[in-house]
Amino acid sequence: MIPSVLPTYSRAPLSFVKGEGAWLTEADGTRYLDLGAGIAVNVLGHAHPGLVNALTDQAGALWHTSNLYQIPQQQALADKLVDATFADTVFFTNSGTEACELAVKMARKYWYDKGQKDRVEIITFSGSFHGRSAAGIAAAGSEKMIKGFGPILGGFVHVDWADHDALTAAINDNTAAIMIEPVQGEGGIRPLPDQCLKGLRDLCDEHGILLILDEVQCGVGRTGKLFAHEWSGITPDIMMVAKGIGGGFPLGAVLATEDAASGMTAGTHGSTYGGNPLGCAVGCAVMDIVSDRTFLDEVNRKAGLLRQRLEGLVASHPDVFESVRGAGMMLGIKCKAANTDVVAAGYRNHVIAVPAADNVIRLLPPLNISDDDIGEAISRLDAAAASLS
Ligand SMILES: *Cc1c(COP(=O)(O)O)cnc(C)c1O
């Protein structure tokens, strides 16, 4: 008999009733160190007092009005994002995949309005992940995601990750945009080198193509800059954001330059819940903390500490682990043992990591994790690895 919850996830037998900082607690009081943070969502850990206040204050005042009216919290968050980034304008969504939908629509409308109606192709990369909506699965294009769900939304051209020749060959007069994650998350924590991102920007400029960055997982301070592309010095035309921006409250956004967004006039797009007062009040509180220079300096310091400790961990378990990769607090350990076995051994040692493709386990801790908790993470992962060898 089908479970009452549609069984699209194979879930671990864990269930939490409370969270505080980097820790999650089960009903019987057992505590787990959370190095997944809800897949890079809880950037400030669980039950951050500033976020709890922002949410409860707003909850006591006003939950919802439609986008037919002005929403001051939405305006405030849009202003913060515009001030802090390349973007001139922002549309709010409730998830990453909805941000993908708009990014695709925006790129196509841009060329339509320029009289280039056939310019609809969007180039994407193997191993990418852009969510589970119709455009999201078509964009990623992997067999696992699209099989059985045809007809798949057309117009996506898939190129092997890091295959520069294939990329240049894929470009033609109908190329509207290139869409890429600066650091692949689900694909196994694969950072795109800064020179490659610069090269992509140059290629886009040369051919007049829009560059869409999917920073749903790698954005919002995760790599030690507010957004990951800042490391390379380039800017995109359109950027997808979600996960960390709500600190655990469902919130996403599409950021764009004035030019890239020029086709999106009144009536061309909408969302009932997108940009609601609750989500945006929390988003403002997240941005105030995460966009601060001293906060990001601390993220970089802690990321360096975590990485150094992980390198040591990997070196002492050569039969279980292979190497560490990633950027900032978005780290992956390529495993020799099956990554799912490593994650399960972690559960037994009360530490939570997240599996990814390419036999990697992902470590995406809260950005404000303490040095003590980093030490605790290493000793628990050490015990987990020891139990496997
Ligand atoms: C998680 C993720 C998405 C999808 O976000 P949802 O909120 O699950 O729809 C899209 N792109 C990337 C890079 C992601 O990591």
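All ligand and atom numbering here is 1-based and tracks the order in the structure.
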Hey, are [X] and [Y] close enough for a salt bridge, meaning a charged N less than 4.0 Å from a carboxylate O?
| X | Y | result |
| --- | --- | --- |
| E101 | K105 | no |
| R301 | D297 | no |
| R190 | D358 | no |
| E186 | R362 | yes |

Between CD of Q184 and SG of C218, what distance do you get to the nearest 0.5 Å?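 Q184 atom CD to C218 atom SG measures 10.5 Å (nearest 0.5 Å).
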Which option out of T93, L213, T97 puts a heavy atom nearest to atom 9 (O) of ligand 1?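 Minimum heavy-atom distance to atom 9 (O) of ligand 1 goes to T97.
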Give me the ring orientation class for F321 and H317: parallel if the planes are under 30° apart, tilted from 30 to 60°, perpendicular past 60°.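 F321 vs H317 ring planes: perpendicular.
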I'd like to check whether [X] has a polar contact with ligand 1, where a contact means an N/O of the residue lying under 3.5 Å from an N/O of the ligand.
| X | answer |
| --- | --- |
| F129 | yes |
| D214 | yes |
| Q217 | yes |

Residue portion contacting ligand 1 (non-hydrogen atoms closer than 4.0 Å) for S95: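 The answer is both.
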Does the cation-pi check pass for R348 over Y32, that is, NZ or CZ under 6.0 Å from the six-membered ring centre and within 45° of its axis?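 No, R348 does not sit over the ring of Y32.
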For ligand 1, which atoms sit closer than 4.0 Å to a heavy atom of [X]?
| X | result |
| --- | --- |
| E181 | 13 (C) |
| G131 | 3 (C), 4 (C), 10 (C) |
| K243 | 1 (C), 2 (C), 3 (C), 14 (C), 15 (O) |

Nearest non-hydrogen protein atom, atom 6 (P) of ligand 1: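 Its nearest protein heavy-atom neighbour is G96 N, 3.4 Å.
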Report the nearest protein non-hydrogen atom to atom 10 (C) of ligand 1: residue, atom name, distance rounded to 0.1 Å.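 Protein heavy atom with the smallest distance to atom 10 (C) of ligand 1: H130 C, 3.4 Å.
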